[in-house]
Amino acid sequence: MPYKEHEPKKLYYTMGEVAELFQVNQSLIRFWEKEFDVLQPKKNKKGNRLFTPEDIENFKLIFHLVKEKGFTLEGAKAELNSNNDAIRSKQRTIDSLKKLRELLVSLGQQL
């Protein structure tokens with residue numbers, strides 16, 4: 001069986017890394033942390049926020065609902081509370097389709 005390369009996952013991501021990943025300001029991350037209970041990053045002794053991969057998945061769900069689908073903050077909170085499993089399933093499907101598209105585009109460019 002051939003070796004499959006995979007991205008090494010970190011245990012914790014800094015706020016700057018999360019902001020760069022989603023191309024948003026750090027103030028938006030702090031604001032959403034106060035607004036949404038599902039975002040609970042750990043803080044080190046200095047007070048720096050450290051995000052787990054689960055926190056990033058939760059942030060991705062909120063980002064999708066608010067920025068891409070146009071939900072209000074209250075609407076996104078209600079949607080997360082009522083259909084959390086369905087939203088997570090849809091987000092996983094969207095992520096896998098995006099990765100597949102990137103792969104197909106890169107293959108098309110190589111031809």
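The shown structure was predicted, so the numbers you read here are calculated from the model rather than taken from an experiment. Residue numbers count from 1 along this sequence.
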*Apply the test side-chain contact (heavy atoms from CB on, under 4.5 Å) to residues V18 and I29: give CA-CA distance (whole Å), side-chain angles for both, the deciding distance (0.1 Å), then the verdict.*
CA-CA 8 Å; V18 176; I29 297 171; 3.9 Å; yes
*Interatomic spacing from CD in E57 to CG in L61 - rounded to 0.5 Å*: 7.0 Å
_Short N-O contact, R30 and E33, less than 4.0 angstrom_ = no
_Heavy-atom donor-acceptor pair, D55 side chain to L39 backbone, under 3.5 Å_ = no
*Start with the C-alpha distance between F51 and Y13, add both sets of side-chain angles, then the distance that settles ring pair (Phe, Tyr, Trp, His ring centres under 6.0 Å), and finish with yes or no.*
CA-CA 5 Å; F51 294 85; Y13 297 86; 8.9 Å; no
*Can you name the side chain to side chain donor-acceptor pair (under 3.5 Å) partners of E20, sequence neighbours left out?*
none
_pair N25-F31: side-chain heavy atoms closer than 4.5 Å_ = no
*asked:* Let me check something: do M15 and V24 share a hydrophobic cluster, defined by ILVMFWY side-chain heavy atoms less than 4.5 Å apart, either directly or through other members?
replied: yes
*Taking all non-hydrogen atoms of both residues into account, name the closest pair between G16 and Q26 and its distance.*
CA-NE2, 3.5 Å
*Could K69 and E79 be called an ion pair, given the rule that one side-chain N must be under 4.0 Å from one carboxylate O?*
no
_Contact between V38 and I62 at the side-chain level, heavy atoms closer than 4.5 Å - yes or no?_
yes
*Answer whether the closest heavy-atom distance between the side chains of L65 and L80 falls below 4.5 Å.*
yes
*Might you point out which heavy atoms bring L103 and S106 nearest each other, and give the distance in Å?*
O-OG, 2.8 Å
*Are K99 and E102 within salt-bridge range, i.e. N to O under 4.0 Å?*
no
*Roughly how far, to the nearest 0.5 Å, is the OG atom of S82 from the NZ atom of K77?*
14.0 Å
*Pairwise distance CG(L28) to CZ(F59) - rounded to 0.5 angstrom*: 5.0 Å
*Check whether any side-chain N or O of N48 sits under 3.5 Å from a backbone N or O of N44 as a donor-acceptor pair, and report yes or no.*
no
*With a 4.5 Å heavy-atom cut-off, do R101 and V105 have their side chains touching?*
yes
*Taking atom NZ of K60 and atom CZ of F22, what is their separation to the nearest 0.5 Å?*
6.0 Å
*asked:* Are F36 and N58 packed together at the side-chain level, in the sense that at least one heavy-atom pair is separated by less than 4.5 angstrom?
replied: no
*What pair of heavy atoms forms the shortest contact from E68 to K98, and how long is it?*
OE2-NZ, 4.3 Å
